[in-house]
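All remarks here apply to the structure that follows.
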There are 2 protein chains.
Amino acid sequence: MFKRVLIAEDHESTSISVRKTLEDFGITNAEFTYYCDEALMQIRKSLHDDQPFDLLITDLSFEEDHRKQQLAGGVELIEAVKQIHPQLKVLVFSAETNPAVIDSLFKASQINAYVRKARHDAKDLRKAIEYIAQHKTYLSESLKPAIKQKNAFEFSSYDVTLISLLSQGTMQKDIPAYLQQHNIKPSGLSSVEKRLAIMRDSLEFAKNEQLVAYCKDYGII
Amino acid sequence: MFKRVLIAEDHESTSISVRKTLEDFGITNAEFTYYCDEALMQIRKSLHDDQPFDLLITDLSFEEDHRKQQLAGGVELIEAVKQIHPQLKVLVFSAETNPAVIDSLFKASQINAYVRKARHDAKDLRKAIEYIAQHKTYLSESLKPAIKQKNAFEFSSYDVTLISLLSQGTMQKDIPAYLQQHNIKPSGLSSVEKRLAIMRDSLEFAKNEQLVAYCKDYGII
DNA sequence: GCCATTCTTACGGTTTCCCGTAAAGCAATA
DNA sequence: TATTGCTTTACGGGAAACCGTAAGAATGGC
């Protein structure tokens, strides 16, 4: 089992509960922090002291407060940590459900487990820790079907730009000007219209308002 | 201090942490459930057994799963509970930040405390429990400025209906038919257009897409 | 009952958006 | 260079949304 565990989680109540779960594994010395930057510092220090952590449990979204942070959230934290301590096992404990985001965590960020904050998340967390200890990866059961569901439209950064502009009140006829100003191609009005039509079609939507609602729901914009 | 406490919270990890906080007050027999319907049942039973609860700690949003529920969420639970047990103190523990929603909880639903899930929520929760025990109300510090801010526009249920329809892909020209079918007045297309124009104007928006994005952000739809 | 006020609806003109088609641009290949 | 295939743009007709105005219905006070 793990010897040194670090918890990066801004919600005190959740942090407490994670520590309690670790205690069930006999891990009573888990360290914790409410800030990403501090988490990175502690990991840096642990390497320097030659007593490296062997498990990081982190949330994805950290709320801003008076303390200015370099790292915006869990994803950035994981990226930074992987640079200095690639062997460290990472378990993400978050409410995020967007399959694209979770998929990228495993693929791009090379995390070892993802546990979704949900009804039986404490049991789930326990299971995930057991899996990681055996050098296996873990993904909450409830998400496995979602992650498979490849039919969800893959929004390119171009798509996200378009929908963001709409959600900010830019009129379609004014979008070409914006795109040219930002050197984004294609910039023709027809291309914009066509791209929006493709998005609507593939999601079987009738109106752009639906696209905006959908992207808000899934945190795409 | 409280003798019988019920926790309605669908996230196991959060529920565990709330129980731990209660233990700090010497409350070791707190009951808990992951479902709204079950919470109502337990309160009903406690009245029947003449051993009523004196504190309910509840979340607002409960995720759906295989178990079909009558009560959609915390608000509905509180409404139902107040019917059968008006003296029961209610503490809401949620991540919701929309001032309009929280305001209505205190005013319409007559709750006694609102604790926001955030960085120091465990301490916050402790403070709230102390306040309620002294028959005072409590609101997380971080929300007090927000709640004052009488946010820009008061969305009526009519407004919410319109924006929901748009976000679901209903075309404006088809909205009058829907409104008539559901006996919602006014139902004229002009009234719909006018109402949308008023919303856009008062929020200084140019497009309906912005309304949808705004309402999604603030959990209005 | 009558009038005044407000709310609701109907209607037309204008703008914006939608969508199909065709032309223009561009890159790779022979 | 010419050909081919793909992407991007231009254009135009038609649908939807927007907006002002005015007629009609409902409400409340006198």
Subject >> For DNA chain D, the residues among residues 163-184 of chain B that have a non-hydrogen atom under 4.0 Å from it >> reply: M171(B), Q172(B), K173(B)
Original post:
Is it true that E31(B) and R4(B) have a side-chain N and a carboxylate O under 4.0 angstrom from each other?
Top reply: yes
Original post:
Phosphate oxygens OP1/OP2 of dC17(C): is one of them under 4.0 Å from a side-chain N or O of K207(B)?
Top reply: yes
Subject >> Atom pair distance, as rounded to whole Å: CG in L196(A) and C1' in dC19(C) >> reply: 13 Å
**OP:** Considering only NZ, NE, NH1 and NH2 on the basic side and carboxylate oxygens on the acidic side, decide whether R116(A) and E96(A) come within less than 4.0 Å.
**Re:** no
Original post:
Which whole-number value in Å describes the distance from E193(A) CD to dT8(D) C1'?
Top reply: 13 Å
**OP:** State whether S191(B) places a side-chain N or O below 4.0 Å from either non-bridging phosphate oxygen (OP1 or OP2) of dT9(C).
**Re:** yes
Subject >> The single option from D124(B), L91(B), V115(B) passing side chain to side chain contact (heavy atoms under 4.5 Å, CB included) against I129(B) >> reply: L91(B)
**OP:** Calculate the interatomic distance between I198(B) atom CD1 and dG20(D) atom C1'; express it in whole Å.
**Re:** 14 Å
Original post:
Would you say S190(A) reaches dC19(C)'s phosphate, i.e. side-chain N/O to OP1/OP2 under 4.0 Å?
Top reply: no
**OP:** Would you please confirm or rule out a distance under 4.0 Å between OP1 or OP2 of dT8(D) and any side-chain N or O of R195(A)?
**Re:** no
**OP:** Mind telling me whether Y34(B) and F32(B) have parallel, tilted or perpendicular rings, with 30° and 60° as the class edges?
**Re:** tilted
**OP:** Give me the ring orientation class for F155(B) and Y214(B): parallel if the planes are under 30° apart, tilted from 30 to 60°, perpendicular past 60°.
**Re:** tilted
Subject >> Between dC18(C) (C1') and N208(A) (CG): distance, integer Å >> reply: 10 Å
**OP:** Among dT9(D), dC19(C), dC19(D), find the nucleotide with the atom closest to the side chain of A197(A).
**Re:** dC19(C)
Original post:
Tell me: NZ of K194(B) to P of dA17(D), nearest whole Å?
Top reply: 17 Å
Original post:
Should K117(B) and E9(B) count as an ion pair when the cut-off is N to O under 4.0 Å?
Top reply: yes
Subject >> Spacing of L189(B) atom CG relative to dA16(D) atom P, expressed in whole Å >> reply: 12 Å
**OP:** Take atom NZ of K185(A) and atom P of dT9(D), then tell me their distance rounded to the nearest Å.
**Re:** 9 Å
Original post:
If you measure from the Lys or Arg side-chain nitrogens to the Asp or Glu carboxylate oxygens, is any gap between E12(B) and R119(A) under 4.0 Å?
Top reply: no
